[in-house]
Amino acid sequence: DAERIASSLVYTKIETSDLVMHFAGRWASFTTNTSTWMQFYPDGTYDEQYESSYSGELSEGGNWGAYGGENAKGRWTVQGNLDHGRILVRLANGTEIYYDYRVHEERGQKYYAEYWFNGKLYSKSRD
């Protein structure tokens, strides 16, 4: 019976644009106290992780530390070209985030594994 059901299913091939495939992957941005990872999946799903940690010394002696983290999931689409455009992320809670992107450029050389998303530099992970 399972074979009959399986043979009756119709599979639709979804064309994934070259632009989607280019941005699909894990992107990371680091500052002194924060790290942000955005994962764009080829199927249009999105995952983001944000971590921050701060520490210091107390005036009375000793140390203090604080850590925070967030995780968000949703769906994404991209419009534009390899050099610049916009990525729209729609989070599961309904929030929409627009990332205006442009390729990182130094001395006339374009680095297509590094992009500025809303003015913050991200690098594509190789894993």
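All values below come from the heavy atoms of this structure, side chains included, with hydrogens, waters and symmetry mates left out.
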Requested in this report: Mind listing the closest non-hydrogen atom pair of Ala72 and Leu91 along with its distance?
Outcome: CB-CD2, 3.9 Å

**Report entry** Distance-minimising heavy-atom pair for Ala24 and Lys124
**Finding:** O-NZ, 2.9 Å

Report task. Quickly, which of Ile87, Thr77, Leu82 forms a side-chain contact (heavy atoms from CB on, under 4.5 Å) with Leu19? Name it, please. Result -> Leu82

Report task. Step through the shown structure and confirm whether more than 12 heavy atoms of other residues, nucleotides or ligands are within 6.0 Å of CD on Gln79. Result -> no

Query - Asn118 side chain vs Tyr98 backbone, donor-acceptor pair below 3.5 Å - result: yes

**Report entry** pair Thr34-Ser52: side-chain heavy atoms closer than 4.5 Å
**Finding:** yes

Query raised in the report: Rounded to the nearest 0.5 Å, what separation is found between the OH atom of Tyr41 and the CZ atom of Arg75?
Result: 12.5 Å

Query raised in the report: Does any non-hydrogen side-chain atom of Glu48 lie less than 4.5 Å from one of Trp37?
Result: no

Query raised in the report: Any side-chain heavy atom of Tyr101 sitting closer than 4.5 Å to one from Tyr122?
Result: no

Requested in this report: Tell me, with the steps shown, if Trp76 and Val20 meet side-chain contact (heavy atoms from CB on, under 4.5 Å).
Outcome: CA-CA 9 Å; Trp76 70 285; Val20 166; 3.9 Å; yes

**Report entry** Whether His104 and Tyr111 hold their rings parallel, tilted or perpendicular, with breakpoints at 30° and 60°
**Finding:** tilted

Report task. Please work out whether the ring planes of Tyr115 and His22 are parallel, tilted or perpendicular, with thresholds of 30° and 60°. Result -> perpendicular

Query raised in the report: Could you walk me through whether Tyr46 and Phe40 pass the side-chain contact (heavy atoms from CB on, under 4.5 Å) check?
Result: CA-CA 5 Å; Tyr46 170 85; Phe40 298 110; 3.5 Å; yes

**Report entry** Main-chain N/O of Met21 paired with Asp18 side-chain donor or acceptor, under 3.5 Å
**Finding:** no

Query raised in the report: Under 4.5 Å between side-chain heavy atoms, hopping through other hydrophobics if needed: is there a path connecting Leu88 to Phe23?
Result: no

Query raised in the report: Got Val89 and Tyr99 here, is their nearest side-chain heavy-atom distance under 4.5 Å?
Result: yes

Query - Sub-4.5 Å side-chain heavy-atom contact between Thr36 and Gln49 - result: no

Query raised in the report: Just how far is it from atom OG of Ser125 to atom CD of Gln39, taken to the nearest 0.5 Å?
Result: 8.0 Å

Query raised in the report: Out of curiosity, does Trp27 fall in the hydrophobic cluster containing Leu121 (side-chain heavy atoms, cut-off under 4.5 Å, transitive links)?
Result: no

Query raised in the report: Is Asp83 salt-bridged to Lys110, cutoff N-O under 4.0 Å?
Result: yes

